[in-house]
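Structure, as structure tokens:
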Amino acid sequence: MAWRHVAAPHHSLFFAFKPRLSPATVTLGIASPLLKKKKKTSTRLSFSVSASSMASSPKKVLVPVANGTEPLEAVVTIDVLRRAGAEVIVASVEEQLCVDACHGVKIVADALISDRADAAFDLVSLPGGMPGASSLRDCKILENLVKKQAADGRLYAAICASPAVALGSWGLLKGLKATCYPSFMEQLSSLATAVESRVQVDGKTVTSRGPGTTMEYAVTLVEQLFGKEKAEEVAGPLVMRSNHGDEYHMLELNPMDWTFDKGPQPQILVPIANGSEEMEAVIIIDVLRRSKANVVVASVEDKVEIEASRKVKLVADMLLDEASKLSYDLIVLPGGLGGAQAFAKCDKLVNLLKKQKESNRPYGAICASPALVLEPHGLLKGKKATAFPAMCNKLSDVSAVENRVVVDGNLITSRGPGTTMEFALAIVEKFFGRKKALDLAKALVFTHP
């Protein structure tokens with residue numbers, strides 16, 4: 001039995017969210033309805049209505065997306081801001097709502113940017129990705145909207161290529177400290193005071209470096225919008241790591257080689273469902289496709305478009321019925337309470353997982369799925385595993401739960417959104433070796449470039 005050194009886990013904090021701002025119940029693009037009452041002259045009643053109005057006006061955020069947008073940067077930002085209670089509008093700068101993001105990920109926006117041209121926002125946040133950042137730059141409606149945002153002294157932000165390609169080219173970073181993806185730093189240096197911070201705040205402007213810094217960036221946006229206390233409240237359940245930029249580690253038990261014999265690259269199945277955790281799903285898909293694995297995204301619902309846990313709409317490659325006809329080197333489940341429950345009830349998926357285990361081929365799960373899918377179906381028997389902290393009491397063996405990523409032979413499990421990058425990189429390592437995984441981590445700016 002071999003143990004790999006694991007850094008001390010970052011313990012998550014748990015907070016009670018106030019129901020009125022629960023992001024899971026926010027209808028996209030629609031403010032919570034106010035309780036209508038007849039107008040009275042009472043000062044006391046007047047104050048009550050005013051307080052109600054304040055409580056039902058969440059911070060409004062615009063996240064524009066385009067063909068070629070980096071999906072991880074878009075989805076993580078949307079998810080984290082919605083967890084904080086922000087009303088996030090995902091707006092397509094294309095002619096249609098569905099955009100073809102990088103790495104074959106399809107995201108369905110809430111609106112077209114033309115439908116939000118005259119709207120006011122508390123924050124506008126631009127994801128990166130190429131050619132997505134260029135499409136954002138070339139969208140005149142978005143340019144005018146962000147320039148007005150800056151002129152009015154409201155927050156605007158960008159990550160990866162977009163600080164240099166969009167904000168910088170619009171002249172919105174003059175005299176400001178800013179950062180961006182390493183290969184765009186030279187371009188940025190002529191448009192701003194370029195710095196190598198993972199996240200940089202200067203006045204009302206926030207910039208960041210790349211996919212691997214997105215969660216830190218998103219939590220910083222929460223802090224800028226809502227304050228430090230809310231940022232800490234949101235960050236705790238994400239199970240973020242404290243040693244940003246350092247190499248990732250995993251606990252490995254009963255080591256075995258993970259091989260792929262279905263083709264020149266590993267064939268990997270990633271099921272998704274209504275209620276799946278979109279951050280976890282997109283990070284897994286994005287990172288594994290960057291490694292050149294052949295990833296099949298399959299919906300367990302009766303249609304390919306699903307609505308994830310924070311209302312992000314994703315489009316699968318196919319239905320599970322079609323995907324189940326193929327054989328896989330790995331089946332890996334994202335978490336999310338609703339998604340995990342849907343997986344557990346899907347006989348076809350459970351049977352695929354059981355066959356995977358019986359044939360000693362790799363399978364894995366993160367967040368709620370180890371506890372709600374693998375455990376009740378006997379897929380953790382004789383194995384060490386971890387899961388989302390609040391779900392670990394459902395595991396029959398809790399001896400390894402404090403580790404961020406656990407590999408036990410052909411099983412891999414992990415804890416939550418903030419451990420997903422490490423989880424995906426560990427999969428890359430098992431198939432391709434640690435050097436390729438570390439090189440990819442640097443390219444993502446997850447570890448120091």
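Count residues from 1 along the sequence.
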Exercise. First locate atom CG of Asn274, then atom OG of Ser299, and finally report the distance between them rounded to the nearest 0.5 Å.
Key: 7.0 Å
Side-chain donor-acceptor contacts of residues 333-355 below 3.5 Å, not counting sequence neighbours, with atom names and distances?
from, atom 1, to, atom 2, distance (Å)
Asn351, ND2, Asp347, O, 3.2

Sequence neighbours left out, cut at 3.5 Å: what donor-acceptor pairs do the side chains of residues 319-327 make with other protein atoms?
from, atom 1, to, atom 2, distance (Å)
Ser324, OG, Leu320, O, 3.2
Ser324, OG, Asp321, O, 2.9
Ser327, OG, Lys262, NZ, 3.3

Quiz item: Nearest 0.5 Å, what's the CG-CD1 distance between Leu288 and Ile283?
Solution: 11.0 Å
Exercise. Grab the two heavy atoms, one from Leu145 and one from Phe121, that are nearest each other, plus how far apart they are.
Key: CD2-CD1, 4.0 Å
Exercise. Output all residues satisfying ring-ring contact (aromatic ring centres under 6.0 Å, His included) with Phe432, sequence neighbours left out; order by chain, then residue number.
Key: Phe260
Self-check item: Closest approach of Phe423 to Ile284 (non-hydrogen atoms, all atoms of both residues)
Solution: CE2-CD1, 3.8 Å
Self-check item: Lys59 and Glu87, any side-chain heavy atoms less than 4.5 Å apart
Solution: no
Quiz prompt | side-chain hydrogen bond (donor to acceptor under 3.5 Å, both in side chains) partners of Thr213, counting only residues at least two apart | solution = Ser208
Self-check item: Side chains of Tyr156 and Thr205, donor plus acceptor under 3.5 Å
Solution: yes
Practice problem: Kindly check if the number of other-residue, nucleotide or ligand heavy atoms within 6.0 Å of CD (Glu196) is above 12? | Solution: no
Quiz item: Is the NZ or CZ atom of Arg241 positioned over Phe446's six-membered ring, under 6.0 angstrom from the centre and within 45° of the axis?
Solution: yes
Quiz item: Under 3.5 Å, side chain of Thr69 to main-chain N/O of Pro71, donor-acceptor pair present?
Solution: no
Exercise. Using modelled atom types only, decide if a donor and an acceptor are shared between the side chain of Ser414 and the backbone of Thr420 within a distance under 3.5 Å.
Key: no
Quiz item: Looking only at atom types and distance, does a side-chain atom of Gln224 sit under 3.5 Å from a main-chain N or O of Val219, one as donor and one as acceptor?
Solution: no
Quiz item: Any side-chain heavy-atom pair from Val201 and Thr220 closer than 4.5 angstrom?
Solution: yes
Exercise. Could you note down all residue pairs passing salt bridge (charged side-chain N to carboxylate O under 4.0 Å, His left out) where residues 390-401 supplies at least one of them, sequence neighbours left out?
Key: Lys384-Asp397
Quiz item: Salt bridge check: are Asp110 and Arg82 linked by an N-O gap of less than 4.0 Å?
Solution: yes
Quiz item: Less than 4.0 Å between a side-chain N and a carboxylate O, is that true for Glu223 and Lys228?
Solution: no
Quiz item: Quick one: salt bridge (charged side-chain N to carboxylate O under 4.0 Å, His left out) pairs with a partner in residues 264-285, sequence neighbours left out?
Solution: Arg83-Glu277
Quiz prompt | Under the salt bridge (Lys or Arg N to Asp or Glu O under 4.0 Å) test, residues paired with Glu375 that sit two or more places apart | solution = none
Report, one line per pair, each donor and acceptor closer than 3.5 Å where one atom sits in a side chain of residues 436-445; sequence neighbours left out.
from, atom 1, to, atom 2, distance (Å)
Lys436, NZ, Ser291, O, 2.9
Asp439, OD2, Lys435, NZ, 2.8

Quiz item: What distance do Thr447 atom OG1 and His244 atom NE2 have between them, rounded to the nearest 0.5 Å?
Solution: 13.5 Å
Quiz item: Excluding sequence neighbours, so at least two apart, what forms salt bridge (Lys or Arg N to Asp or Glu O under 4.0 Å) with Arg289?
Solution: Asp317
Exercise. Measure from the side-chain N and O atoms of Ser162 to the backbone N and O of Ala166, and report whether any donor-acceptor pair falls under 3.5 Å.
Key: no
Quiz item: Looking at residues at least two apart in the chain, or sitting in another chain, which of them share a salt bridge (Lys or Arg N to Asp or Glu O under 4.0 Å) with Asp100?
Solution: Lys106
Self-check item: Atom of Thr386, atom of Cys392 and distance for their closest heavy-atom approach
Solution: OG1-SG, 4.5 Å
Quiz item: Got a sec, which pairs hit salt bridge (charged side-chain N to carboxylate O under 4.0 Å, His left out) with one end in residues 207-220, sequence neighbours left out?
Solution: Arg198-Glu216
Quiz item: Closest approach of Val80 and Leu238, non-hydrogen atoms and distance?
Solution: CG2-CD1, 4.2 Å
Practice problem: Begin with the C-alpha distance, continue with both residues' side-chain angles, and end with the deciding distance and a verdict on side-chain hydrogen bond (donor to acceptor under 3.5 Å, both in side chains) for Asn294 and Gln267. | Solution: CA-CA 5 Å; Asn294 181 21; Gln267 182 93 348; 2.5 Å; yes
Quiz item: Shortest non-hydrogen contact from Asp329 to Pro362?
Solution: O-CD, 3.0 Å
Self-check item: Expected output: side-chain Glu70 to main-chain Leu72 donor-acceptor under 3.5 Å
Solution: yes
Quiz item: Looking only at atom types and distance, does a side-chain atom of Thr214 sit under 3.5 Å from a main-chain N or O of Gly210, one as donor and one as acceptor?
Solution: yes
Quiz item: Nearest heavy-atom pair of Pro211 and Cys160: which atoms, and what distance?
Solution: CD-SG, 4.4 Å
Quiz item: Taking the six-membered ring of Tyr248, is NZ or CZ of Arg434 closer than 6.0 Å to its centre and within 45° of its axis?
Solution: yes
Quiz prompt | Spacing of NZ belonging to Lys204 relative to CG belonging to Leu155, to within rounding of 0.5 Å | solution = 5.0 Å
Self-check item: Side-chain donor-acceptor pair present, Tyr217, Thr207, cut-off under 3.5 Å
Solution: no
Quiz item: So, do Pro64 and Leu62 sit near enough that their side-chain heavy atoms are less than 4.5 Å apart?
Solution: yes
Quiz item: Who are the side-chain hydrogen bond (donor to acceptor under 3.5 Å, both in side chains) partners of Lys383, not counting sequence neighbours?
Solution: Asn410
